[in-house]
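Working notes, beginning with the structure itself.
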Amino acid sequence: MTQFSLNTEFAKSEDGAMTATGLFLFLTALVFGGLALDVTYAYKSRTELQVAADTAAHAAIFTRELGTLAEARTKAIEVAEETLITAWYGETLKPDDIQFGTWDRDAEVFSVDNSEKNAVMVNTARLTSRGNSVPSFLLELVGMESWDIETGAVFEAYVPTCLREGFVAESVVDMQSNNNFTNGFCIHSNTHVEFNSDNSFADNTVVSMPDKGQVVVPNNGWESNNGLQEALRDGYYRLRIINRLEDIIDGLFDMDDNYIPDYITGAMPVSLPSKMVDATDFLPGRVHTYLCAGNQKLSIGQGSTLTDVVLLTNCQVSFGSNVTLENVVVATRNTSDNSVTAAAGLQIGRDDGCAVDGGSQILTMGGFNVPADLKAYGGQIIAMKDINFSANANGIEGASFISGGRIDGASNTTMGFCGSGYERNFEAMYFHLRG
């Protein structure tokens, strides 16, 4: 009887009744904790892959600007492996994962064409098929042993509009009076811009500097500079083309295909006969050279029209009056403040209504100075030092002036946006992550 009574009391006892529920809750917590661990690790791995894709894509398109497809792919893989070490993560990026092509901004669509340099798409992956999938922990108990994760990045190369057409200077851009800027023309300084009176700025023109409040105008400047307030923008450009100018000129001297224009058909440079030449001394389709001893001048006679030629020199270059350059590159290593000068009427580029072909470029490690009647028709000037031009300049059919110093323009200038005819300008690309 006593034993039966004891067993009855034991059966009725509720001591330890929460043990089963507690065990269930503990197991549930383990499941959710393990699942959270798996998901968190997967997201961490995806983030690592995305960082590798972004950095590899940037490295690829940067290298492709002047390098080959193979060089760009090699560099991208090197950069990706610095982020995701192969010994730990396996082969996350293969050459075929790096594709060049074009990027449609409106449709946000990438099209593969490995002959292009406009855009690149890079895909990084950890996949079962590559033997480097992301392992799971708790989910392995239910048959999911790993995760397959892929990410991608698209970078686009572009040239800012101001650096394609406009006046751009590291220092001040100073324009005087009675100038007319039309059709979206751009004026930019990495310091500030100055205007005198009676300048006109059409719709869509841009005047930019790091702080637009630093623009300098006379007391009545807002009233006498029609459209200026609407044109003002804040902005800054790292002038990559100025930083590359010496390399570009060296590349021309080395006959590097990245820089020699396609209208040059002769393989060997032609030495000019003297430091005073005219159009008859130039052979179309050829590179011409002349080297000076000291700071001497190479003079090109008045009225000369040069077509389909490249001129390379270390001299100061002096153009006579009414010289015309059509499909011409003039590049000098001369570093003087007036390394390229001209009498009135220098015309850079063919007056052809913004048609393809005919544009010309002047490159100098020094400064550029023209007193009057400078004309630019798809014309480009890149100067390490100051660019100066005086009255009656006309770039209504396309002008790109870029200075590592300042740009000083006088009065009665007309400059407008062309939008075409710049197929041979020297450019340094900028890069934007698109997707």
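The chain is numbered in sequence order, starting from 1. Since we're looking at a predicted model, the values are computed, not measured.
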Does a side-chain heavy-atom distance below 4.5 Å link [X] with [Y]?
| X | Y | value |
| --- | --- | --- |
| Leu363 | Ile248 | yes |
| Arg164 | Asn425 | no |
| Phe389 | Ile407 | yes |
| Ser360 | Gln380 | no |
| Pro160 | Tyr430 | yes |

Atom [atom1] of [X] and atom [atom2] of [Y]: how far apart are they, to the nearest 0.5 Å?
| X | Y | atom1 | atom2 | result |
| --- | --- | --- | --- | --- |
| Ser403 | Ile382 | OG | CD1 | 11.0 Å |
| Asn243 | Arg238 | CG | CZ | 5.5 Å |
| Asn196 | Asp174 | CG | CG | 8.5 Å |
| Asp281 | Met276 | CG | CE | 11.0 Å |
| Leu49 | Thr83 | CG | OG1 | 10.5 Å |
| Ile98 | Thr74 | CD1 | OG1 | 8.0 Å |

May I ask you to check whether over 12 heavy atoms, not counting those of [X], lie within 6.0 Å of atom [atom1]?
| X | atom1 | result |
| --- | --- | --- |
| Tyr43 | OH | no |
| Phe62 | CZ | no |
| Glu78 | CD | yes |
| Asn220 | CG | yes |
| Arg130 | CZ | yes |
| Arg46 | CZ | no |
| Gln302 | CD | no |

Can we say [X] and [Y] salt-bridge, meaning some charged N sits less than 4.0 Å from an Asp/Glu carboxylate O?
| X | Y | answer |
| --- | --- | --- |
| Arg244 | Glu65 | yes |
| Lys375 | Asp373 | no |
| Arg434 | Glu156 | yes |
| Glu48 | Lys44 | yes |
| Asp148 | Arg126 | no |

(request) Take Asp54 and Gln50 through the side chain to side chain donor-acceptor pair (under 3.5 Å) test and state the conclusion after the steps. (result) CA-CA 6 Å; Asp54 292 348; Gln50 188 64 63; 3.0 Å; yes
Polar contact flag, side-chain donor to acceptor under 3.5 angstrom, [X]-[Y]:
| X | Y | result |
| --- | --- | --- |
| Thr364 | Thr332 | no |
| Asn338 | Asn369 | yes |
| Asn388 | Asp386 | no |

(request) Please report the C-alpha distance between Asn334 and Gln316 in whole Å, then the side-chain angles of each, then the deciding distance to 0.1 Å, and finally whether the side chain to side chain donor-acceptor pair (under 3.5 Å) criterion is met. (result) CA-CA 6 Å; Asn334 189 275; Gln316 293 185 42; 4.8 Å; no
(message) side-chain contact (heavy atoms from CB on, under 4.5 Å), that's the test. Do Asp254 and Tyr259 meet it? Break it down for me.
(response) CA-CA 9 Å; Asp254 293 339; Tyr259 305 111; over 6 Å; no
(message) For Phe167 together with His188, are the ring centres under 6.0 Å from each other?
(response) no
(message) Please report whether the ring centroid of Phe431 lies less than 6.0 Å from that of Phe155.
(response) no
Any donor and acceptor pair, going by atom type alone, linking the side chain of [X] with main-chain N or O of [Y] inside 3.5 Å?
| X | Y | answer |
| --- | --- | --- |
| Thr324 | Thr305 | no |
| Glu71 | Thr68 | yes |
| Asn183 | Gly416 | no |
| Glu397 | Gly353 | yes |
| Asn114 | Phe100 | yes |
| Arg286 | Met268 | yes |
| Ser271 | Thr289 | no |
| Thr151 | Thr47 | no |
| Arg233 | Ser208 | no |
| Asp104 | Ala107 | yes |

(message) Is there a salt bridge (charged side-chain N to carboxylate O under 4.0 Å, His left out) between Lys385 and Asp337? Walk through the geometry before answering.
(response) CA-CA 7 Å; Lys385 295 183 177 180; Asp337 292 344; 3.5 Å; yes
(message) My understanding is that only one of Val328, Leu346, Ile348 makes a side chain to side chain contact (heavy atoms under 4.5 Å, CB included) with Val323; could you say which?
(response) Leu346
(request) Describe, in one word, how the ring planes of Phe201 and Phe195 are oriented to each other, choosing from parallel (under 30°), tilted (30 to 60°) and perpendicular (over 60°). (result) perpendicular
(message) Using the side chain to side chain donor-acceptor pair (under 3.5 Å) criterion, which residues pair with Asp278? Sequence neighbours excluded.
(response) Thr280
(message) Just to verify, what does Ser274 make a side chain to side chain donor-acceptor pair (under 3.5 Å) with, not counting sequence neighbours?
(response) none
(request) Test Asp357 against Asn327 for side-chain contact (heavy atoms from CB on, under 4.5 Å), laying out the working first. (result) CA-CA 7 Å; Asp357 204 34; Asn327 280 350; 3.0 Å; yes
(request) Would you mind listing every disulfide (SG to SG under 2.5 Å) that reaches into residues 233-344, with sequence neighbours excluded? (result) Cys292-Cys315
(message) Does Met209 form a side-chain contact (heavy atoms from CB on, under 4.5 Å) with Asn190? I'd like the steps, not just the answer.
(response) CA-CA 6 Å; Met209 63 208 81; Asn190 278 344; over 6 Å; no
(request) Please assess Thr413 against Met415 for the test side-chain contact (heavy atoms from CB on, under 4.5 Å), listing each intermediate value before the final yes or no. (result) CA-CA 7 Å; Thr413 291; Met415 292 287 164; 3.6 Å; yes
(request) I would like to know whether Glu91 and Asn132 meet side chain to side chain donor-acceptor pair (under 3.5 Å); could you show each step before the answer? (result) CA-CA 7 Å; Glu91 193 174 23; Asn132 67 340; over 6 Å; no
(request) For Asn199 and Asn179, run side chain to side chain donor-acceptor pair (under 3.5 Å): C-alpha distance rounded to whole Å, both residues' side-chain angles, the deciding distance at 0.1 Å, then the answer. (result) CA-CA 5 Å; Asn199 298 291; Asn179 298 298; 3.0 Å; yes
(request) Flag this pair as yes if the NZ/CZ of Arg333 is under 6.0 angstrom from the six-membered ring centre of Phe253 and inside a 45 degree cone about the axis; otherwise no. (result) yes
